[in-house]
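Right, one structure below, let's go through it.
These figures come from a predicted structure and were not determined experimentally.
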Amino acid sequence: MNDRYYFWGPLLYHSTILNCDEILKDFKEGPSFNENLAGILNYQFSYDPAVFKHHTYNNFKNFFSCYEMYYNKKLEYRDHKIESSWINFMKKGEFNPPHIHVGGQFSCVLYLDVPNELKEENKKYKGTDQSGPGGIQFMYGEDRDHNISAINIFPNTGDLLIFPANLRHVVYPFKSNCTRISMSANINLI
């Protein structure tokens, strides 16, 4: 028997960053970034792209290797430029509606702080949404039998997700009285 299966759809890469406290320390509050984003959040600020690249450089090197394996093709360029990066302070009732990112070939989200209150709320959630309060859902393709059209993730502190910028995703609201801190960036190969 010569069984095999095929990778299908976009690559969603999951990695971990250990120095979240250092990344937060490097944040210098500047002007609001809200006007550039889809999120229904009050506190979203620009983050220095060079500092973001410094903290995530090795993760992106690993992503490029994974990309080549997943798509079975060599990347012409193996370096990247962070076109924009920002930090999100998500509070009770806030959310990101279904959206894509513009301004780059790839995007990412890095979770700097996922509070215990939110983890407990998510564990107790009863409903049909598989990512639950504070979770992120990536959507691709059509909903059909025998087809995976969504990936649901409830993140942990340090999780880094890298994906094609045009991959639709949504971040669900939560009820806990806490702040979940994440960062996102738009990236181009150079």
Side-chain angles (χ1 to χ4, degrees), residues 10-64 67 77-115 118 131 134-139 153-174 176-190:
L11 169 63
L12 175 57
Y13 177 81
H14 190 162
S15 184
T16 304
I17 297 239
L18 301 176
N19 61 336
C20 293
D21 290 340
E22 188 180 323
I23 294 170
L24 268 171
K25 272 195 270 179
D26 286 344
F27 169 61
K28 309 284 186 267
E29 187 173 325
S32 171
F33 207 62
N34 287 5
E35 65 193 32
N36 303 297
L37 304 172
I40 312 299
L41 283 78
N42 287 324
Y43 303 103
Q44 301 174 111
F45 301 98
S46 181
Y47 190 93
D48 185 336
V51 174
F52 185 82
K53 183 174 181 176
H54 167 75
H55 287 299
T56 59
Y57 186 78
N58 287 332
N59 299 82
F60 275 92
K61 280 178 51 179
N62 292 339
F63 165 72
F64 296 139
Y67 178 99
Y77 304 102
R78 295 276 315 244
D79 199 1
H80 63 288
K81 178 181 180 191
I82 306 294
E83 299 294 343
S84 58
S85 58
W86 59 96
I87 190 166
N88 306 300
F89 296 89
M90 186 176 183
K91 298 181 182 289
K92 175 181 176 176
E94 297 181 330
F95 66 98
N96 262 300
H99 66 285
I100 62 169
H101 289 208
V102 294
Q105 297 165 294
F106 300 98
S107 292
C108 68
V109 60
L110 167 61
Y111 295 90
L112 296 176
D113 187 19
V114 180
L118 180 53
S131 56
I136 186 168
Q137 181 182 66
F138 293 90
M139 299 159 280
I153 297 171
F154 182 78
N156 289 303
T157 299
D159 282 351
L160 173 67
L161 304 170
I162 305 173
F163 49 93
N166 62 357
L167 180 58
R168 192 165 305 279
H169 54 289
V170 59
V171 180
Y172 291 104
F174 52 85
S176 298
N177 234 348
C178 61
T179 302
R180 190 191 74 182
I181 305 172
S182 64
M183 296 185 68
S184 291
N186 293 326
I187 301 106
N188 277 317
L189 298 179
I190 55 171

Compare every heavy atom of [Y] with every heavy atom of [X], then report the nearest pair and how far apart it is.
X	Y	result
Ser84	Pro49	CA-CG, 4.4 Å
Pro97	Gly39	CD-CA, 4.2 Å
Lys92	Ser176	CB-O, 3.4 Å
Gly104	Ala165	O-CB, 3.2 Å

Enumerate, atom names and distances included, each donor-acceptor pair closer than 3.5 Å involving a side-chain atom of residues 26-33, sequence neighbours excluded.
unit_1, atom_1, unit_2, atom_2, d
Asp26, OD2, His55, NE2, 2.7
Ser32, OG, Asn34, N, 3.1

Could you tell me whether the side chain of [Y] reaches within less than 4.5 Å of the side chain of [X], counting heavy atoms only?
X	Y	result
Ile17	Ile23	yes
Tyr43	Met90	no
Ser184	His101	yes
Phe154	Ile136	no
Phe52	Ile82	yes
Leu12	Ile153	yes

- request: Can you label the angle between the Phe106 ring and the Tyr67 ring as parallel, tilted or perpendicular, going by 30° and 60°?
  value: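 Plane angle over 60°, so perpendicular.
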
message: Please enumerate all residues that pass side-chain hydrogen bond (donor to acceptor under 3.5 Å, both in side chains) together with Ser182, with sequence neighbours excluded.
response: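 Ser182: side-chain hydrogen bond (donor to acceptor under 3.5 Å, both in side chains) contacts with Asn88.
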
field: All pairs passing salt bridge (charged side-chain N to carboxylate O under 4.0 Å, His left out) where residues 157-173 contributes a residue, at least two apart
entry: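 Applying salt bridge (charged side-chain N to carboxylate O under 4.0 Å, His left out) to every pair that reaches into residues 157-173, excluding sequence neighbours, yields nothing.
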
message: Going by salt bridge (charged side-chain N to carboxylate O under 4.0 Å, His left out), name the pairs with one or both residues in residues 12-23, residues two or more places apart or in two chains.
response: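 Checked against salt bridge (charged side-chain N to carboxylate O under 4.0 Å, His left out) - neighbours excluded - no pair reaches residues 12-23.
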
[atom1] of [X] to [atom2] of [Y]: how many Å apart, nearest 0.5 Å?
X	Y	atom1	atom2	value
Gln137	Tyr172	CD	OH	3.5 Å
Thr157	Leu18	OG1	CG	11.5 Å
Cys108	Met183	SG	CE	8.0 Å
Ile162	Ser15	CD1	OG	6.5 Å
Thr179	Leu41	OG1	CG	10.0 Å
Leu110	Leu160	CG	CG	5.5 Å

Is a side-chain N or O of [X] found less than 3.5 angstrom from the main chain of [Y], in a donor-acceptor match?
X	Y	result
Asn186	Gly103	no
Arg180	Gly134	yes
Asn96	Val171	no
Asn59	Thr16	yes
Gln44	Phe89	no

- prompt: When you look at Leu24 and Leu112, which way does the side-chain contact (heavy atoms from CB on, under 4.5 Å) test go after all the steps?
  reply: CA-CA 7 Å; Leu24 268 171; Leu112 296 176; 3.9 Å; yes

message: Evaluate Met139 against Val170 for side-chain contact (heavy atoms from CB on, under 4.5 Å), listing each step before the verdict.
response: CA-CA 8 Å; Met139 299 159 280; Val170 59; 3.9 Å; yes

query: Aromatic ring centroids of Phe163 and Tyr13 under 6.0 Å?
result: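 Here the rings of Tyr13 and Phe163 have centres that are no less than 6.0 Å from each other.
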
- prompt: Would a line drawn from the ring center of His80 to the ring center of Phe63 be shorter than 6.0 Å?
  reply: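 For His80 and Phe63, the ring centres are not under 6.0 Å apart.
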
message: Under the rule for salt bridge (charged side-chain N to carboxylate O under 4.0 Å, His left out), what residues qualify as partners of Asp79, not counting sequence neighbours?
response: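 Salt bridge (charged side-chain N to carboxylate O under 4.0 Å, His left out) check on Asp79 returns Lys53.
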
message: Run the salt bridge (charged side-chain N to carboxylate O under 4.0 Å, His left out) test against Glu83 and tell me which residues pass, sequence neighbours left out.
response: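 Salt bridge (charged side-chain N to carboxylate O under 4.0 Å, His left out) list for Glu83, sorted by chain: Lys81.
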
- prompt: Can Phe174 and Leu118 be said to form a side-chain contact (heavy atoms from CB on, under 4.5 Å), step by step?
  reply: CA-CA 7 Å; Phe174 52 85; Leu118 180 53; 3.4 Å; yes

- prompt: Should the heavy atoms of other residues, nucleotides or ligands under 6.0 Å from CZ of Phe45 be counted, would the total exceed 12?
  reply: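 Counting other residues, nucleotides and ligands, CZ of Phe45 exceeds 12 neighbours.
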
- request: Take Leu161 and Phe138, measure what side-chain contact (heavy atoms from CB on, under 4.5 Å) needs, and give me the verdict at the end.
  value: CA-CA 11 Å; Leu161 304 170; Phe138 293 90; 3.9 Å; yes

